[in-house]
Protein chains: 2
Amino acid sequence: MNESSTFDPGTLTPGARRILDTAAELFYENGITAVGVDLIAARSGVTKRTLYNRFGSKDTLVASYLSERDRRWRALVMRYVDARTAAAERLLAPFEALREWSSQNPRGCAFINALAELPEPGHPAHRIALEEKRWLRDLFARSAGRAGAEHPGELAARLFCLHEGALAMQATAPGLDGAHIATGLAHDVVRAAV
Amino acid sequence: MNESSTFDPGTLTPGARRILDTAAELFYENGITAVGVDLIAARSGVTKRTLYNRFGSKDTLVASYLSERDRRWRALVMRYVDARTAAAERLLAPFEALREWSSQNPRGCAFINALAELPEPGHPAHRIALEEKRWLRDLFARSAGRAGAEHPGELAARLFCLHEGALAMQATAPGLDGAHIATGLAHDVVRAAV
DNA sequence: TTCTTCGTATACTGACCTGTGAAGTCCTTC
DNA sequence: GAAGGACTTCACAGGTCAGTATACGAAGAA
């Protein structure tokens, strides 16, 4: 089997694939702690034994869930970034990705939610969530540098702040379109900084 | 006893006061679902029977925890707002409050965390968290109107987005000072809008 | 004195939690 | 036809969860 903490999604058995899809939906909709492995196994049409044979522990399953989400999110962002050529537009591309992502994920950011539920820094899910956020910050910083910003680090931090605000607003202001508001702000910030 | 879902902190018995203080610390540090009533009772130096005699259920205790936090946060914000006279400064005052609050609450926003853990809209804690956020948005909207913004609603939404971004960053970017970054952005946004 | 309030102590319920053991079936591949 | 991976069945361990039952003690107020 696989002793690492996450899994290459191409090597998953059909049962493991169903388990991970089911877990992803249940974790995102109901929270990680609130969902037990019995429910995941039952909804996947699989026994609990199979779940443990494939994933080893609930923590590993949680980590796999976040890891796969991370992979999809990065791919989406890079698709938007690579579709642009102008440096300023590449800097703003993650906000276009965010608008698409938010419309399909109404329960907010899975990584923010996971960090809220699993505060122990040693938890694998905690590490994965922080790495995802760091990746985006670094992407902003590289793009800001290439766009010729006078203070790339500060511009990146500002854009990251707007990004996080949009995600948090999905949970705290369900009636407002946080991604739309943050995108407008991001345009102003970039226009002022480059 | 008290059949309502929360409590007037002035009428708490000494035991109830200790329970609520202990619960607040444990919930904030470790998450709500992760903390059991047995631990809260033991740490408060109180039996579980007393906890249930005072609060009736864990859900009510959670609601009381958030309710008291909400009360303290609103008082802090209004202290900063009332210390200012110029309309633009009153509009920005919540960001000053946020900087003080953030420095004392490193685990991020208890309301965002609670919404992540308790997604059911019917949960009393869910309702309290949403009301807290709505209160701040309304405060921004009133202040924006008095400051003479051309689009008070949009300005309020933008400031709220920055506020939420700062709070989310406490969890997702532990090394950065989200409140500082958001405050800088807020100044620029207000300067451009009024 | 009697009643109420606030608290103690201990034991308990029934459900749920993550995780394991042991044995056996199905299916593909070599 | 042998081997091995994927999966099943089912029982069970060892704990923790929220919440309850019962009985008692101390203090203040009427």
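These numbers were taken from a predicted model, which means no experiment stands behind them.
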Do you know the tightest heavy-atom contact between B:Ala116 and A:Asn113? CB-OD1, 3.3 Å
Between A:Asp21 and A:Arg18, does at least one N-O distance fall below 4.0 Å, as a salt bridge requires? no
Cationic tip of B:Arg90 above B:Tyr80 ring, under 6.0 Å, 45° of axis: no
Using whole Å, what does the distance between atom C1' of nucleotide D:dG19 and atom CD1 of B:Ile19 come to? 14 Å
Between A:Arg43 and A:Glu25, is a salt bridge (Lys or Arg N to Asp or Glu O under 4.0 Å) present by the stated rule, with each step listed? CA-CA 11 Å; A:Arg43 286 261 191 112; A:Glu25 186 182 336; 5.4 Å; no
With the side chain counted from C-beta on, respond yes when B:Ser44 and B:Arg17 share a heavy-atom pair under 4.5 Å apart, and no when they do not. no
Would you please confirm or rule out a distance under 4.0 Å between OP1 or OP2 of C:dG7 and any side-chain N or O of B:Thr13? yes
Once you round it to whole Å, what is the distance between P of D:dA18 and CG of B:Leu39? 10 Å
Side-chain touch A:Leu155/A:Val194, heavy atoms, less than 4.5 angstrom: yes
Taking the side chain from A:His123 and the backbone from A:Pro119, do they hold a donor-acceptor pair closer than 3.5 Å? no
If I take atom CG in residue A:Leu12 and atom P in nucleotide D:dC7, what distance separates them, rounded to the nearest angstrom? 10 Å
5'-most contact on DNA chain C: A:Thr33 or B:Arg18, nearest heavy atom basis? B:Arg18
Please give, in whole Å, the distance from D:dA13 C1' to A:Tyr52 OH? 13 Å
Expressed as a whole number of angstroms, how long is the span from A:Ile40:CD1 to C:dT18:P? 8 Å
Rounded to whole angstroms, how far apart are NE2 on B:His123 and P on D:dA18? 11 Å
Between D:dA21 (P) and B:Asn53 (CG): distance, integer Å: 12 Å
Can you list, by residue number, the residues of residues 41-50 of chain A that have a non-hydrogen atom closer than 4.0 angstrom to DNA chain D? A:Gly45, A:Val46, A:Thr47, A:Arg49, A:Thr50
Scan residues 93-118 of chain A for pairs that pass salt bridge (charged side-chain N to carboxylate O under 4.0 Å, His left out), counting only residues two or more places apart or in two chains. A:Arg84-A:Glu96
Per ring-ring contact (aromatic ring centres under 6.0 Å, His included), B:Tyr65 is matched among B:Phe111, B:Phe27, B:Tyr28, B:Phe55 by B:Phe27
So how far off straight is the helix from C:dT1-D:dA30 to C:dC30-D:dG1, going by the axes through five pairs at either end, to 10°? 10°
Figure out the CG/P separation between B:Asp38 and D:dT20, and round it to whole Å. 14 Å
